[in-house]
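Any value given below was found using the heavy atoms of this structure, including those in side chains, with hydrogens, waters and symmetry copies removed. Throughout, protein chains are lettered first and strands after them, A, B, ... in sequence-line order, and every chain is numbered starting at 1.
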Amino acid sequence: MTEPFDDASYPLYTMSTAASLLGVQPGFLRSLGDSGLLRPARSGGGHRRYSRDDLARAARAREVVDLGMTLAAACRIVQLEFEVTRLHLELAHAHAVISELRRHLQA
DNA sequence: ATTCTTACA
DNA sequence: TGTAAGTA
């Protein structure tokens with residue numbers, strides 16, 4: 001059986017650990033879940049377990065809230081920011097694949 | 001022993 | 001907001 005999670009998405013951090021790492025209140029982390037930005041894993045007893053991906057999004061959300069956005073706006077912005085980043089990576093990969101195919105075709 | 005979560009009032 | 005009961 002291979003691990004269902006990679007390093008970045010492995011649910012390691014408890015609520016208190018995640019909150020102190022980010023310098024935020026536990027309630028803030030919960031509200032990010034309520035707003036749909038985060039979907040932290042759950043322990044057997046229902047406690048949230050945050051991955052490094054979750055922490056990265058939460059840290060960015062805190063920055064955007066500190067910029068003066070409402071929580072809902074910040075969550076939307078962060079979600080879109082991360083989606084754009086993912087799309088950039090996907091596009092770069094697609095370009096690499098195309099280049100490789102061209103090399104094969106003209107060989 | 002303390003923290004975390006949900007439910008409910 | 002606060003309390004209660006069950007987790008981790």
Criterion side chain to side chain contact (heavy atoms under 4.5 Å, CB included) on A/Tyr13 and A/Arg49, from CA distance to verdict: CA-CA 5 Å; A/Tyr13 305 97; A/Arg49 288 290 132 89; over 6 Å; no
Within 45° cone of A/Phe28 ring axis and under 6.0 Å: A/Arg62 NZ or CZ: no
All side-chain hydrogen bond (donor to acceptor under 3.5 Å, both in side chains) counterparts of A/Ser35, not counting sequence neighbours: none
Interface residues of residues 29-50 of chain A with DNA chain C (non-hydrogen, below 4.0 angstrom): A/Ser43, A/Gly44, A/Gly45, A/His47, A/Arg49
Approximate separation, where rounding is to 0.5 Å, of A/Leu38 CG and A/Leu32 CG: 5.5 Å
Dot-bracket encoding of pairs in DNA chain C, which uses [ ] for pseudoknotted crossings and | for another strand, Watson-Crick or G-U under 3.5 angstrom: ||||||.|
More than 12 heavy atoms of other groups within 6.0 Å of A/Gln25 CD: no
CG on A/Leu67 to CD on A/Glu63, rounded to 0.5 Å: 8.0 Å
Exceeds 12 heavy-atom contacts within 6.0 angstrom, atom CG of A/Asp34: yes
